[in-house]
Each structure stands twice: as C-alpha cells, then as structure tokens.
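Have a look at the structure below before the remarks.
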There are 2 protein chains.
Amino acid sequence: MSTRASATAPRGTYHHGDLKAALVAEAIKLVRIEGPNHLSLREVAANCKVSPSAAYHYFPDKDSLVSAIGDYCFQELARIQEEAISKVVGNSAKAAKARLRESGRSYFQWAKKDPNLFRLMFGGFCSINKTDEADQDPAYLVLVRVLDDLLTHGVITKAARQNAELAAWPAVHGATTLIIEGHIPEEAYEAVLDTIEAALGIK
Amino acid sequence: MSTRASATAPRGTYHHGDLKAALVAEAIKLVRIEGPNHLSLREVAANCKVSPSAAYHYFPDKDSLVSAIGDYCFQELARIQEEAISKVVGNSAKAAKARLRESGRSYFQWAKKDPNLFRLMFGGFCSINKTDEADQDPAYLVLVRVLDDLLTHGVITKAARQNAELAAWPAVHGATTLIIEGHIPEEAYEAVLDTIEAALGIK
DNA sequence: CCATAATCTGAACACCATTCAGATTAAAGG
DNA sequence: CCTTTAATCTGAATGGTGTTCAGATTATGG
C-alpha cells in the first residue's frame with residue numbers, strides 16, 4: 001500500500017510523507033491497548049501530529065480505517081503461522097502431525113498476545129471481502145497445506161481429509177475465543193488439539 | 001432485579017416504574033439492530049422517554065449496561081438450548097445422540113438470529129463474573145447434562161467423556177462465529193457437528 | 001400531613017466523527 | 001527557473017456522545 005518514508009518518521013514538513021501507513025500503524029497500537037470499540041480517530045491523528053480531517057483523505061470513514069487494521073492482522077496471523085510450522089522441519093508423518101499442532105498453537109498464541117486485535121478481526125468490526133475467491137484468508141491456505149501434508153504422509157485417510165478444515169479451524173478458533181474471553185481455562189487448549197486429532201482419526 | 005411494572009409501559013408519571021428493566025430491554029433492541037459498538041446510552045434513554053442522566057441511577061456507566069445485556073443473553077441462550085433438547089424426547093441412545101446435535105444446532109440458530117447479541121456476548125464487551133464457580137454459564141451446564149446422558153446410554157465411552165466438553169463447545173462456538181462473520185458457509189455447520197461426533201468416537 | 005428518601009431533570013464539560021472552504025506544499029510543464 | 005496544477009493538510013463548525021452534579025419532582029413511611 002504505502003511505499004515512501006518511514007511510518008513513524010517525525011513531522012518536519014507540512015506534508016507527512018506516508019500518512020496512510022502511519023495512521024494504520026498508530027491505530028493498531030491504540031487498538032492493542034484500548035480495544036477495537038474505544039478507538040478514536042482523533043487520537044490516532046493527534047499521535048501522528050496531524051489534524052483529524054487529514055485522515056479523511058485516505059479513509060472515507062473510521063470503519064474503513066478499522067478494516068485496514070483487519071486486513072493487516074489477517075496477513076500477520078498467516079505470517080506467524082507460516083513461521084511456526086516452518087520451524088518443524090522434516091518430511092515424516094511425525095513432522096506433519098507436529099505441524100498441525102503448531103499451526104493450532106500459533107493461532108492461539110497470536111490471539112493471546114493481542115486479544116484486542118483478535119477481537120477486531122472476528123468481532124464484526126471489519127468487513128472481509130468475501131466477493132473474490134482468490135484473495136481468501138491466507139491463514140486458511142496455510143491450514144489447507146498442513147492438512148494436505150497429513151494425507152500425503154498417510155497420517156489421515158482420504159475420507160478424513162474431506163472436511164478436515166471443518167474439524168480443525170472451528171475448534172481452534174472456538175477454543176481460542178473461549179479462552180481469551182475467560183470461559184474456559186488456558187490449560188484446556190492442548191486437550192482441544194487432542195480432540196481435533198481424534199476427529200481426524202489420528203493415532 | 002426489577003419487580004414492578006411492565007418494562008415497556010408508557011411514561012405518564014414523573015417516576016417511571018421500572019426504569020432499569022426498560023433500559024435493558026431498549027438497549028437490547030438497539031444492539032440487535034446497530035451492533036454492540038454503536039450502542040448509544042443517550043438513545044436508549046431517549047427511547048425510554050427519560051433524560052440521559054436517569055440511567056446513571058441504575059448503572060454506574062455504559063459498560064455496566066452492556067454487561068447487563070450480556071447477562072440476559074447468556075440466560076436466554078441457555079433457555080433456548082434447554083427448550084431445543086427438551087423437544088427430543090426418549091430415553092434411548094438415539095435420542096441422547098439427537099439431543100447433542102440439537103444443542104449444537106440451537107446454539108448456532110441463536111447466534112444466527114441475533115448476530116449482534118452474539119457478538120456482544122463473546123466480543124469482549126461484557127465482563128463475565130468468573131469469580132464464583134456457582135453462577136457458571138448456564139448454557140455450559142446444559143451441555144454437561146447432554147454429555148452425561150451420552151455416557152449413561154453408552155453412546156460414548158468413559159474415556160471419551162473426559163474432556164467431552166472441550167470436544168463440543170469450542171467446535172460449536174468456533175463454527176458459529178466463523179459462519180456469522182462470513183469465513184465459512186452456513187452449509188458447513190452440519191459437517192462440523194459430524195466432526196464433534198467423530199472426536200467423541202460416536203458411530 | 002409532613003419529613004425523608006428515592007427518582008428524574010437540565011445544564012454543563014470534554015470528547016467524538018464528519019464535512020468543507022481554504023491554506024500550504026510538492027510535482028509537472030514551459 | 002518560474003509558474004501552473006494537483007495533492008495534501010489545516011481550522012473551524014456541526015451535531016452527537018459519555019459522564020457529572022446541583023436541584024427539582026414525586027413516592028413512601030412515620
């Protein structure tokens with residue numbers, strides 16, 4: 001999106017340099033602390049040393065800025081997951097199984113680290129573009145790859161591969177949410193991962 | 001909490017009658033439409049034909065009113081589930097299995113009917129009182145009963161009964177959220193229920 | 001019937017999103 | 001280099017928000 005200068009550069013000139021990126025970065029910082037509902041566009045602008053109206057040159061309204069945060073977060077979550085599963089090297093069935101577990105763990109760890117960003121992503125704040133099939137949730141594509149890998153290594157059957165995404169993602173996402181919101185204890189998470197493996201017929 | 005007159009009674013006298021209940025009822029109505037983040041305390045008060053400051057006699061702040069909505073919703077969800085499983089009569093293994101599925105379906109149907117109330121419940125808006133063990137989420141207790149019933153009828157093993165809640169609730173909750181927010185299609189829900197049965201070793 | 005406590009109002013303060021006319025500056029063309 | 005043009009940001013204004021508090025109104029108990 002933004003190409004020019006540093007997003008956190010101090011304001012010397014009248015023109016900012018890369019205000020759009022700076023606004024998003026500052027908004028993320030604030031949502032992290034105050035939560036998605038208490039985000040103030042004026043505060044974002046002030047912290048960027050810019051008048052409130054300047055933001056409207058890049059975002060038609062506040063919701064649009066929030067959606068930009070959401071877009072960033074979905075990419076970031078996918079990146080984190082990619083990083084986590086790439087740490088489990090090996091072409092074995094055991095490694096493939098470990099990657100499934102790590103993809104689940106990294107999903108939860110991301111949410112635990114920044115609950116407010118997680119709430120923004122899945123709390124109805126940002127409107128995901130579900131129009132196009134191509135620009136699908138990148139984190140979902142990571143999961144697909146992990147599950148394909150399980151089939152390749154014979155860890156799961158072809159029958160289990162059908163709807164395997166539906167055995168993994170809802171459970172992982174639900175457990176994450178319920179822990180974040182204090183409905184089940186964090187210690188329960190590994191047990192949830194066990195139930196996913198059971199649903200897939202692993203072991 | 002409130003004991004007196006109808007919550008929706010028109011305003012004839014200076015005193016309202018049961019303002020607290022009226023405020024909660026009106027707030028629910030507005031959250032249903034506008035979503036939890038766009039709730040306005042002033043609008044709630046105005047619709048109750050009362051000055052904004054009147055609300056502060058019953059709620060210390062807006063968040064407290066939102067929490068009251070959450071409390072109501074958790075009770076209501078439990079009631080809906082209770083109603084759903086009570087419709088499946090019979091003391092058989094088949095009936096017990098059907099009740100598990102219906103408890104999952106009713107959870108989703110509740111959320112689908114009022115997504116904004118569901119978002120309020122699990123979006124970090126209301127602070128659940130996790131201090132006491134006694135006043136636990138009533139919907140959770142419904143689930144416990146359904147799972148106990150499965151064990152009694154030999155549908156699941158004693159081993160599967162361990163952590164059975166963790167096989168069911170996260171998957172149901174996660175699937176519900178992901179469908180509501182448009183990440184997976186509604187048609188996938190029954191397949192998710194299948195994976196729960198698989199995780200529990202049913203069939 | 002009166003005193004007291006409960007309940008609600010009105011006005012105020014500080015903050016918010018959003019709009020728009022106009023000031024400032026960078027970029028492009030001669 | 002200088003001027004035109006387009007991009008960018010400001011300042012002020014509008015109408016809405018949560019919250020507080022002194023005071024007006026009404027119900028209740030003695």
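Chain A is the first sequence line, chain B the second, and so forth, proteins listed ahead of strands; every chain is numbered from 1.
Note on A:R99 versus A:E102: no salt bridge recorded, every NZ/NE/NH1/NH2 to OD/OE distance being 4.0 Å or above.
Judged by atom type and distance alone, B:S40 does not reach the base of D:dG16 through any side-chain donor-acceptor pair under 3.5 Å. Scanning atom types as modelled, no donor and acceptor separated by under 3.5 angstrom connect the side chain of B:R42 and the base of D:dG16.
Nearest-nucleotide mapping onto DNA chain C: of A:L41 and A:S53, the residue sitting toward the 5' end is A:L41.
Rounded to an integer number of Å, the gap from B:L23 CG to D:dG18 P is 12 Å. Rounded to an integer number of Å, the gap from CZ of B:F59 to P of C:dC8 is 12 Å. Taking atom CG of residue A:L39 and atom P of nucleotide C:dA17, one finds them 7 Å apart after rounding to whole Å. With rounding to whole Å, B:N37 atom CG is found 13 Å from D:dG18 atom P. Put simply, CG on B:N47 is 11 Å from P on D:dT17, counting in whole angstrom units. The distance between atom NZ of A:K20 and atom P of D:dA7, rounded to the nearest whole Å, is 15 Å. Look at CG on A:L19: it is 13 Å from C1' on D:dT10, rounded to the nearest Å. Counting to the nearest Å, the C1' atom of C:dA17 and the NE2 atom of A:H38 are 16 Å from each other.
Among the protein residues, A:Y58 comes within range of the sugar-phosphate backbone only, with heavy atoms under 4.0 Å from sugar or phosphate atoms but none that close to a base. Residue A:L65 is out of contact with every strand shown, counting any heavy-atom pair closer than 4.0 Å.
Side-chain contact between B:L100 and B:I202 is present, with heavy atoms from C-beta onward closer than 4.5 Å.
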Assess the residue pair A:E43 and A:K29 against the criterion (salt bridge (charged side-chain N to carboxylate O under 4.0 Å, His left out)); give the C-alpha distance rounded to whole Å, side-chain angles, the decisive distance to 0.1 Å, and a yes or no. CA-CA 11 Å; A:E43 193 180 0; A:K29 201 183 296 177; over 6 Å; no

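Taking the six-membered ring where the residue is Trp, A:H183 and B:W169 present perpendicular rings, their angle passing 60° and hence far from 30°.
In this structure, B:K20 is positioned above the aromatic face of B:F59, its NZ or CZ under 6.0 Å from the six-membered ring centre and within 45° of the axis.
For A:H57, no side-chain nitrogen or oxygen approaches OP1 or OP2 of D:dC9 to under 4.0 Å.
Between C:dT19, C:dC8, D:dT19, one nucleotide has an atom nearer to the side chain of A:Y56 than all others, and that is C:dT19.
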